[in-house]
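Please read these numbers as outputs of a predicted model, since none were measured by experiment. So that the names make sense, note that chain A is the first sequence line, chain B the second, and so on, each numbered from 1. Computed from heavy atoms alone, side chains included, the values below leave out hydrogens, waters and symmetry copies.
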Amino acid sequence: MRNHYSNYPSMKTRTEQILVVMNVLSWVVFVGLLIKAGAILLSYSVSLFNPEAAANLYKGLDLSSLRRDNLWPYTMVVSWMVSLLGMKAYTAFVVTKILSKINLANPFTMEIALLIEKVSYLIAATWLVAFLSVSNTGWLHRRGMDWRADTDAPEFLFLAGIIFIISQIFKRGIEIQTDNELTI
Amino acid sequence: MPIVVNLDVMMAKRKMSLNELSEKVGLTLSNLSILKTGKARAIRFNTLEAICVALDCQPGDLLEYAE
């Protein structure tokens with residue numbers, strides 16, 4: 001007779017497959033962001049000696065006018081970009097850590113809960129960097145500089161809040177699981 | 001936790017080993033050890049009943065409230 005548990009093994013395999021795919025995607029995002037940050041840093045280094053390089057820092061990113069005007073604001077703008085990319089890359093790295101450490105036979109561990117909580121803090125920090133970047137480049141823009149960051153990404157803060165709530169629910173789940181395990 | 005489990009005291013009084021109690025009660029040694037060392041968060045009534053039967057005692061002999 002078929003019961004509701006008969007689908008369990010195939011469902012588990014499907015969940016495992018989804019997590020493997022997500023793990024690969026997180027690695028791709030992590031490496032992609034590192035490459036982008038590295039390329040911008042490299043182009044920036046070249047542009048210090050050859051200002052023409054600022055015309056195409058990464059895939060058409062043109063900061064040549066900023067570079068011509070003043071090196072200091074140009075350096076600040078590049079720093080904000082690289083910091084933002086670094087934060088995103090580190091978040092993606094922590095996600096790969098979660099996905100590689102999670103064991104579907106026993107997924108509710110404090111280590112995973114703490115990593116999920118860490119992701120929420122990192123996303124909140126990413127929002128903060130984006131916010132500071134917009135404020136700073138807006139200030140530069142008002143002082144006549146010709147470039148400003150286009151978004152402070154408020155959705156980062158929203159996402160951080162949601163992930164933080166999920167991490168707290170996850171922690172509570174672990175507490176209930178521990179209570180069950182220690183009920184004799 | 002202010003609830004103290006006096007399982008080891010009762011076992012000593014009845015001169016019963018952990019292995020013997022485990023067989024009589026039907027609990028694993030690790031679960032009995034959790035109970036004995038006070039790490040347990042809760043105890044089911046049927047477990048308490050089985051231990052009381054095996055050790056011929058009352059729940060009050062096994063559990064004590066100490067501030």
Side-chain angles (χ1 to χ4, degrees), chain A residues 1-13 15-16 19-20 94-95 97-122 160-184, chain B:
Chain A
M1 200 178 106
R2 207 176 146 82
N3 61 31
H4 66 284
Y5 289 112
S6 58
N7 285 333
Y8 181 66
S10 63
M11 280 170 69
K12 192 182 168 194
T13 311
T15 312
E16 274 173 349
L19 289 180
V20 167
V94 175
V95 172
K97 246 169 110 178
I98 292 173
L99 291 170
S100 57
K101 281 191 176 173
I102 201 160
N103 170 17
L104 283 185
N106 182 22
F108 297 101
T109 60
M110 198 45 87
E111 189 185 14
I112 298 293
L114 291 177
L115 282 172
I116 294 174
E117 199 176 53
K118 190 174 180 180
V119 167
S120 74
Y121 293 144
L122 279 172
I162 289 175
I163 294 177
F164 183 74
I165 291 167
I166 291 173
S167 75
Q168 296 310 303
I169 294 170
F170 203 86
K171 268 187 177 174
R172 181 67 192 127
I174 293 164
E175 282 171 14
I176 291 171
Q177 181 184 264
T178 311
D179 276 353
N180 277 335
E181 282 169 358
L182 291 177
T183 297
I184 311 297
Chain B
M1 202 160 55
I3 301 293
V4 181
V5 181
N6 289 322
L7 185 63
D8 45 354
V9 177
M10 281 313 293
M11 283 167 61
K13 277 184 184 169
R14 301 288 184 261
K15 295 186 174 59
M16 195 179 284
S17 70
L18 208 60
N19 279 323
E20 201 180 337
L21 185 65
S22 161
E23 280 170 20
K24 283 191 174 176
V25 175
L27 282 177
T28 61
L29 281 173
S30 60
N31 276 346
L32 270 181
S33 173
I34 288 170
L35 199 57
K36 207 177 137 196
T37 51
K39 287 179 188 160
R41 297 252 179 106
I43 182 164
R44 292 189 185 90
F45 277 153
N46 55 358
T47 308
L48 191 59
E49 182 189 337
I51 295 173
C52 286
V53 169
L55 292 174
D56 187 25
C57 65
Q58 292 296 312
D61 298 327
L62 294 170
L63 303 175
E64 182 191 340
Y65 173 74
E67 281 189 74

Exercise. Grab the two heavy atoms, one from A:Thr109 and one from A:Phe170, that are nearest each other, plus how far apart they are.
Key: O-CE2, 4.0 Å
Quiz item: Nearest heavy-atom pair of A:Ala113 and A:Ser167: which atoms, and what distance?
Solution: O-CB, 4.1 Å
Quiz item: Quick one: does A:Gln177's side chain have a donor or acceptor within less than 3.5 Å of a partner on A:Phe108's backbone?
Solution: yes
Quiz item: Which residues from residues 11-34 of chain B are near chain A, with near meaning under 4.5 Å between non-hydrogen atoms?
Solution: B:Leu27, B:Asn31, B:Ile34
Practice problem: Return the minimal non-hydrogen interatomic distance between A:Lys101 and A:Glu111, and the atom names on each side. | Solution: NZ-OE2, 2.8 Å
Self-check item: Minimum heavy-atom distance between A:Ile112 and A:Ile98, given as atom pair plus value
Solution: CD1-O, 3.9 Å
Quiz item: For B:Lys39 and A:Leu182, which heavy atoms make the closest approach, and how far apart are they?
Solution: O-CD1, 3.7 Å
